[in-house]
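Residue numbers start from 1 in every chain, and the chains themselves are labelled A, B, ... in the order their sequence lines are given, proteins ahead of strands. In this text the structure is predicted, and so the values were computed from the model without any measurement.
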Amino acid sequence: MANTIHADHAHDHDHDHKPHGLKRWLFATNHKDIGTMYLVFALVMFFMGGAMALVIRAELFQPGLQFVDPQFFNSMTTVHALLMIFGGVMPAWTGLANWMIPMQVGAPDMALPRLNNFSFWILPFAFTLLLLTFVVPGGAPAGGWTLYPPLVLQMGDGFPLMIFAIHLMGASSILGAINVIVTIMNMRAPGMGLLNMPLFCWTWLITAYLLIAVMPVLAGAVTMLLTDHFFGTSFFSAAGGGDPVMFQHIFWFFGHPEVYILILPAFGIVSEIIPAFSRKPLFGYETMVYASASIAFLSFIVWAHHMFTVGMPLAGQLFFMLSTMLIAVPTGVKVFNWCATMWKGSITFETPMLFAIAFLFLFTIGGFSGLMLAVVPADFQYHDTYFVVAHFHYVLVPGAVFAIMAGVYYWLPKWTGRMYDEKLGKAHFWCSTIGVNVLFFPQHFLGLAGMPRRIPDYSTQFADWNMVSSVGAFIFGFSQLLFVAVVWKAARSGAPAPQRPWEGAHGLEWELPTPAPYHSWETPPPPSVIARGAEH
Amino acid sequence: MSDLRRENRSLTLKLAGFAAGAFAFGFALVPLYDVLCEVTGYGNQKLLLERRDGAGAAPVAATGASAEDRTITVEFVTELPSVGSWDFRPVVRSMQVTPGRLYEADFVAHNLTGRDTVAQAIPNVAPGTATAYFRKTECFCFTPQKFARDEQRSMPVRFVVDPALPKHLDRITLSYVFYDDSTRVGALDPSAR
């Protein structure tokens, strides 16, 4: 993708002075170049994590041990999660933020371009460290991405590599978040009020605050693991007066806001695509902003619903159950607003809209299974089963990942100056949507029937639905090659795109020429343009 | 423009400070967690620490209200499988214990196999109905034991008999069978784990 977009730039206006060759990328300070690198990096990680997922599903195609030994299987589940969360979805969001936020708020670039370069280039090193664990004695992390001690402390020589990799990923996303906040707070064009911003900027602003609040807590937790392992502290060792359950509390104090970090920008993107293709302003713009902020606030006080089964007082169980259920209220407001936006709209179903509608429908399914998991007595049954796996994959794959794809299809004409192949895009959509449901829906049944997660072998009554799920996994996995083909083809040989390729699209990015010039909004947009862009 | 640079710098520093504060907060959660446990009385750290620090001589600590008057006889028995040359015996044959208190007993093993080896003790509690009330908090049987050629050493087991032990039981036998790696080749080598 890097090459294609690079090649594409070669034909755009030559007054865009930019460095050439490797230096352009190594020393990049341009928000579009850095955004492209983030997106390409995320795509590479998405395919690596996806390959690991296919190893998992191949092993689970039948009961018994077929392809990999259990230790390696556990490494696959653990590293798949780490790659997808920290290498796939989070960098993809940062890439989209880099590309779109300056264009959407009428700024010439991100506020801190050199910090921007640094926060990107940390990532390849972080993931190299993580992947190196596969070749050191003791192997890759296999104790689950949640890194619970004491199990995680029994890891081999890869342990410090994994910890430092997580430190670096955290540093990268904290720096990226600081950049987003400073850009939005200080770099908006004169006349662009906070409540004139597109919702993608709003949800990203809230996400960025979540990031700087909880990524350091994760850094603290893994630092404690490190000192427990090497320096004789006993934060999490009962023998030394510590408590392994405390790790779970600290981890999930990070972990629950983290899941909103993964999904809030998706809310923003969908809130822009649905109005554009319904040819109606977004229903309830301000309630969307307040709902996002409420979700972010609530995310800090619900963490222990991940650990009902480790035991806690009845009052604690009730508090965490009810506060978790409370999140359904602002989320319900959002889903209602999206439906109300489509109501009586003149809707067309181009690929971005298809992905956005699938997001709406399938994310809501994931939300409902989340509500089921919030119920304490039910959670005792569902905990650590495939029901949980089905739940979080529904909110992350047809949730976050579909929203990223919707965003890429929506903005690709603006980035490359060329339209993608609509037929191929729709083929990608339908293969993905059918694949993802065949893949994850049966996992609900498996979980309710009692199949535990993170196991390489299972008893034979689970065989049928596992086979179905694996078939879906391979459909979904290989249909992502179509995505690469669509982007490649669009960047190479797509038909030239007009300045506003989507009839109903509003926002400052559509006031710029297509493809977006290397430097945009060097003179701030005039108030009339801002007013036209902010029609929501 | 320089105004903007100054504003950017100032906001960046504030946000970096916020992130640093969040890092510190992560560590502040450690004492906060203990305070919460103390206030709610849940997972009483103090009691756990007392039990740990008191460990040593037998009986080492009482678990408070649950200690009681009756005494139980705990007998120690050792067995060796027919293969492998070992000397393996308890230091004392039996012990009078009060339910609810922590005790320690030692077993001595002598490697006579003529080579370096690894051995594993497999415990058994009799009668079977007492098994659920006999709690080993630390035992040499939890991990494989490495022995150099001709090495002799004593190994501890710490245990508590649950006060809920049915009244009709007054005698519990703890027995160990000591297997070395000649019986299950390779399976006991801790370096292979």
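The residue from B:Thr12, B:Asp3, B:Leu4 that alone fulfils the side chain to side chain contact (heavy atoms under 4.5 Å, CB included) condition with A:Asn186 is B:Leu4. Checked options A:Ile174, A:Thr223, A:Leu218; the residue passing with B:Phe23 is A:Thr223 (criterion: side chain to side chain contact (heavy atoms under 4.5 Å, CB included)).
The CD1 atom of A:Ile178 sits 13.0 Å away from atom NZ of B:Lys14, with the distance rounded to the nearest 0.5 Å. Atoms CG and CG, from B:Leu15 and A:Asn179 in turn, are 10.5 Å apart once rounded to the nearest 0.5 Å. Taken to the nearest 0.5 Å, the CE atom of A:Met246 stands 8.5 Å off from the CG atom of B:Leu29. Distance check, rounded to the nearest 0.5 Å: CE of A:Met185 to CG of B:Asn8 gives 12.0 Å.
Taking the six-membered ring for Trp and thresholds of 30 and 60 degrees, A:His249 and B:Tyr33 have ring planes inclined between 30 and 60 degrees apart. Between A:Phe253 and B:Phe25, the ring planes lie tilted relative to each other; the angle falls in the 30° to 60° range.
Between chain A and the options B:Ala16, B:Ala22, B:Gly26, the largest number of non-hydrogen pairs under 4.5 Å is found for B:Ala22.
Within a 6.0 Å sphere centred on CZ of B:Phe142, other residues, nucleotides and ligands contribute more than 12 heavy atoms. Applying the 6.0 Å contact sphere to CZ of B:Phe27 captures more than 12 heavy atoms from other residues, nucleotides or ligands. B:Arg149 CZ: 12 or fewer foreign heavy atoms inside a 6.0 Å radius.
Heavy-atom distances place both the backbone and the side chain of A:Ala219 under 4.5 Å from chain B.
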Worked check of side-chain contact (heavy atoms from CB on, under 4.5 Å) between A:Met224 and B:Val30:
CA-CA 10 Å; A:Met224 290 179 218; B:Val30 177; 3.8 Å; yes
